[in-house]
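A short worksheet on the structure shown next.
This structure is a prediction, so every number in the text was calculated from the model and none was measured.
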Amino acid sequence: RKEFVDLYVNYVLNESIRKPFEDFMKGFLRGCPARKWTMFLPVELQVVLQGHTRCDWNLLQKNVKYSQYERLDQTIRNFWTVFHKLPEEKKKMFIAFLTGSDRIPGYVVEHFTFTIAEAKVENPDEFCPFANTCHRVLFLPR
């Protein structure tokens, strides 16, 4: 039985995916040669590829830029008051709403920024905030 289980596990985890994995690895290494990755420690490579899983929310607030708003506007103060009361998971959902990913890119954790801009709408009470993920802009009605 042990031999059967060992052979079956080897087939499922190794043999059955060998060809697709080799094709993937060949294509990946064509665009990202392996010798370039050797400069990273495994944990550094993980951050570069996946981004940071933790964020300093106060630093994020400090780095935000404002367009048609000032840092001390009531709308902005209300936004940050509500934001800081959110649980960690909801804050990550906000980052995903803003950027398309719930992680901060690995190379910009200290310099990650986004812009809060006024959404120019006739009746702000009828509109929800919306985002431009390409440029990391949150449009916030007053």
Side-chain angles (χ1 to χ4, degrees), residues 2 4-142:
K2 182 183 179 331
F4 173 78
V5 170
D6 288 345
L7 289 171
Y8 182 74
V9 168
N10 182 52
Y11 173 76
V12 170
L13 298 179
N14 297 315
E15 299 302 323
S16 67
I17 63 166
R18 185 175 311 281
K19 176 71 170 116
F21 181 75
E22 285 174 357
D23 292 343
F24 166 78
M25 191 168 72
K26 185 174 156 185
F28 181 82
L29 292 177
R30 188 174 344 142
C32 302
R35 63 186 172 278
K36 303 274 186 190
W37 298 105
T38 59
M39 70 176 143
F40 293 107
L41 295 172
V43 71
E44 292 172 328
L45 184 58
Q46 182 176 8
V47 169
V48 167
L49 295 176
Q50 294 181 339
H52 292 276
T53 57
R54 295 196 173 266
C55 183
D56 179 346
W57 303 113
N58 292 317
L59 180 62
L60 179 72
Q61 179 180 352
K62 183 180 155 219
N63 289 341
V64 169
K65 299 173 186 168
Y66 300 97
S67 178
Q68 297 100 29
Y69 277 116
E70 297 295 325
R71 186 176 300 273
L72 297 176
D73 285 347
Q74 188 62 46
T75 302
I76 298 301
R77 291 194 326 241
N78 290 345
F79 171 80
W80 287 114
T81 299
V82 170
F83 180 83
H84 287 298
K85 288 180 182 177
L86 293 173
E88 189 75 13
E89 193 58 36
K90 294 285 186 180
K91 290 176 183 175
K92 287 184 177 184
M93 289 173 71
F94 170 76
I95 294 296
F97 171 73
L98 182 65
T99 67
S101 172
D102 66 345
R103 295 175 182 225
I104 305 294
Y107 55 90
V108 293
V109 71
E110 300 87 20
H111 306 290
F112 180 80
T113 187
F114 69 94
T115 302
I116 297 179
E118 181 181 356
K120 301 281 188 185
V121 293
E122 277 187 37
N123 187 355
D125 292 334
E126 294 179 3
F127 287 89
C128 294
F130 58 98
N132 178 327
T133 57
C134 294
H135 299 286
R136 295 192 303 237
V137 178
L138 174 67
F139 292 97
L140 191 63
R142 286 201 181 262

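Nearest heavy atom pair, residue Gly100 against residue Thr133, reads N-CG2, 4.0 Å. Closest of all the heavy-atom pairs between Glu118 and Gln68 is N-OE1, 3.3 Å. Nearest approach of Lys91 to Leu86, heavy atoms of both residues: CE-O, 3.2 Å. For Cys55 against Leu60, the heavy-atom pair with the smallest separation is SG-CB, 4.4 Å. Taking both residues in full, the closest heavy atoms of Phe130 and Ala119 are given as CE2-CB, 3.9 Å, listed atom of the first, atom of the second, then distance. Among all heavy-atom pairs drawn from Arg136 and Phe114, the shortest one is O-CB, 3.2 Å.
Few gaps surround CZ on Phe28; more than 12 heavy atoms of other groups in view lie less than 6.0 Å from it.
Between the CG atom in Asn63 and the CZ atom in Phe112 there is a gap of 9.5 Å [rounded to 0.5 Å]. A distance of 8.0 Å separates CD of Glu122 from CZ of Phe127, quoted to the nearest 0.5 Å. Rounding to the nearest 0.5 Å places CD1 of Ile76 at 5.5 Å from CG of Leu140. For the atom pair CE of Met25 and CZ of Arg30, the computed distance is 13.0 Å after rounding to the nearest 0.5 Å.
In this structure, Gln46 and Phe40 have side chains that are not in contact, with every pair of non-hydrogen atoms separated by 4.5 Å or more. Contact check for Tyr69 versus Val64: no side-chain heavy atoms found under the 4.5 Å cut-off. Looking only at side-chain heavy atoms (C-beta outward), Tyr11 and Leu7 stay at 4.5 Å or farther from each other. For the pair Ile95/Trp57, a side-chain contact is recorded, criterion being any heavy-atom separation below 4.5 Å from C-beta on. Residues Lys65 and Thr113 form a side-chain contact, since some pair of their non-hydrogen atoms from C-beta on lies under 4.5 Å apart.
Of the possible polar contacts, none joining the Tyr66 side chain to the Asp73 backbone as a donor-acceptor pair under 3.5 Å is found. Remark: side-chain polar atoms of Thr115 are not paired, donor with acceptor, to backbone N or O of Ala117 under 3.5 angstrom.
Residues satisfying the salt bridge (charged side-chain N to carboxylate O under 4.0 Å, His left out) test with Glu70, not counting sequence neighbours, are none.
Note on ring orientation: taking the six-membered ring where Trp is involved, the planes of Phe24 and Phe21 are tilted (angle from 30° to 60°).
Centroid-to-centroid, the aromatic rings of Phe94 and Phe79 come within less than 6.0 Å.
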Using salt bridge (Lys or Arg N to Asp or Glu O under 4.0 Å), reason through Glu22 and Lys19 one step at a time and then give a plain yes or no. CA-CA 5 Å; Glu22 285 174 357; Lys19 176 71 170 116; 5.9 Å; no

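With respect to Asp56 and Lys62, no salt bridge is recorded, no charged nitrogen being found less than 4.0 Å from a carboxylate O.
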